[in-house]
Amino acid sequence: MMKFKYFYQQMLAFFMVIMTMLIIMGFSFLQFSKNTTYNNTEEQLYGYAAALVSGDLQKSQLDNGQLILKNQEVTLTVFDNNDLMIYPETVKNYASGISKEDFKKLEKGQRISLKIRQTDFYGNDRQLAIVYLPFFTQDSNTFSGFVAVSSPISGIEATLTALRNNLFAAFLFSSLGAVILSLLFAKYQVNRINRLRSATHTVAEGNFDIHLKNNNKDEFDDLAGDFNLMAESLKASQKEIEHQENRRRQFMADVAHEMRTPLTTINGLLEGLEYDMIPSNQKKRSIELMHNETRRLIRLVNENLDYEKIRSNQIFLHKQHFNAKETLEMVVEQLSLKAESAKNVLKIDCPSDVEIYADYDRFVQIIVNLTQNAIQFTQEGEIKLIGRMEDGRSMIKVEDTGIGIDTKEVQNIWERYYKADVSRKNTVYGESGLGLAIVQQLVNLHGATISVDSILGKGTIFTLIFPFENKRK
Ligand SMILES: Nc1ncnc2c1ncn2[C@@H]1O[C@H](COP(=O)(O)OP(=O)(O)OP(=O)(O)O)[C@@H](O)[C@H]1O
Ligand SMILES: [Mg+2]
């Protein structure tokens, strides 16, 4: 298929419409002018003929008339009722040579309008336009001859040619105008299309902030309006996709963060078993611990790696009552290897009647995170896990004698990926800066509170308060 640009299509169409109009108008004008020119000539010639007839065709009058009309090349001729020329007087009697029907019409008193003849009455080659008018005797009213008034056709033709030339010049000028006009028109239309095209490219490149002007005037404006709607809805879905993607990324990071600790514990215990470093009386307990952790991991995976939950960012809590001291001991057991490697002492200060009402796995997650931080930011110090019942609520404290947190930094530590100072980035356990953000989210879910007290260089205390509901209520 040949490519024919819309620009040229528009231009051609518009140009053709203008030209067709011009041609039709030109032709009808030409036709009209031709008719009027002939009619005028005819009327003029009749006028002369009528004047002659009413003047009784006296010879002196005829001579005068002929003399006056000579300049206009009009000739006056009179024929008798036998079709013989009686004026101008010639030796030879010329005939008019009109047809029999025309002669009959004259006899009846009808006039004969413009006739074109190729020769004059004397047989010379001359194109003539002639009118014939009959005349009658005044008393008896009988047909006694007719007057023929002629004018050379070249006069009429000259007028018409001049007219045609003028018209042709006008036609050329108008065509030029038509070309310019159709060019502008086509340019205007194509510009509007090009505007849409470039907007489409912008959208294709991923920029949805484009807004086309819409005057609500025609289909192009409607299209621009639709285009704007499309860009808006694309932008909305793009936003939603980004939102989902962020949520997913955040969720995956959190899950990975929480899986790392139990996996490290299990790995440490397995290594201990492999190299026979665990005393035989503790082996059973180690296996139990690993079992606990693997079960917790399985629960974590089952509950968290659900696509729908990631999408809607939902976490369901399975709240239950459990003993605080046993749970804290389990956490200490898990983290004792890490504490030892930092030469820290892990202690528990908790009466055995302290109870917690919470989602067990989430609670362990919270305590593990806080204790891990304490180990991580303390060297050769003491870390204490304290549990109390206070005002009918369960209170847990994680206390350390580590490096502490600058008062300027304290409010920032809950932010995702926040690390109080760059030099801490390379510490063994703190890797991502996610721990406290996760802790805070879980604490809020429980309707519990967490607060921090810290003195730089002295140590840090994290205090958790969980609302407590009695089993039998
Ligand atoms: N017990 C603490 N002593 C001193 N600083 C702490 C303590 N706990 C938290 N911080 C500060 O708060 C920041 C945020 O802690 P968070 O647990 O969120 O991240 P992280 O431990 O650095 O990394 P992650 O827990 O993701 O492995 C830490 O980098 C640290 O600067
Ligand atoms: Mg941490």
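Just so you know, ligand 1 is whichever comes first in the structure, and atom 1 is the first atom listed for that ligand.
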Which of the atoms in ligand 1, numbered in the order shown and given with their element, are less than 4.0 Å from a heavy-atom of Leu436?
9 (C), 12 (O), 14 (C), 15 (O), 16 (P), 17 (O), 18 (O)

Between Phe322 and Tyr360, how do the two ring planes meet: parallel, tilted or perpendicular, split at 30° and 60°?
perpendicular

Mind checking whether Leu434 has an N or O less than 3.5 Å away from an N or O of ligand 1?
yes

Please check if any side-chain donor atom of Asn292 sits under 3.5 Å from a side-chain acceptor atom of Gln334, or the reverse.
no

Is there a donor-acceptor pair under 3.5 Å between the side chain of Thr463 and the backbone N or O of Lys397?
no

Do other residues, nucleotides or ligands put more than 12 heavy atoms under 6.0 Å from Lys347 NZ?
no

Measure His257 to ligand 1 on non-hydrogen atoms and call it side chain, backbone, both or neither using the 4.0 Å cut-off.
side chain

Within the 4.0 Å heavy-atom cut-off, what Glu409 brings close to ligand 1 is neither

As an exercise, identify every atom of ligand 1 less than 4.0 angstrom from a heavy atom of Ile413.
11 (C), 12 (O), 14 (C)

Using a cut-off of strictly less than 2.8 Å, determine whether Asn373 has an N/O/S atom near the Mg ion (ligand 2).
yes

Below 3.5 Å, N or O to N or O, backbone or side chain included: is there any such pair between Ile405 and ligand 1?
no

Under a 4.0 Å threshold between the charged nitrogen and the carboxylate oxygen, would Lys325 count as salt-bridged to Asp353?
no

What atoms of ligand 1 come within less than 4.0 Å of a heavy atom belonging to Asp400?
1 (N), 2 (C)

Could a heavy atom of Phe462 be found less than 4.0 Å from some atom of ligand 1?
yes

Would you say Asn373 and ligand 1 have an N/O pair spaced under 3.5 Å apart?
yes

Sequence-distant partners of His211, ring pair (Phe, Tyr, Trp, His ring centres under 6.0 Å), two or more places apart:
none

For Arg195, salt bridge (charged side-chain N to carboxylate O under 4.0 Å, His left out) partners two or more places apart:
none

So, regarding Gly433 and ligand 1 (criterion: nitrogen or oxygen to nitrogen or oxygen, under 3.5 Å), is there a contact or not?
yes

For Gln44 and Gln72, test the side chains for any donor-to-acceptor distance below 3.5 angstrom and give the result as yes or no.
yes

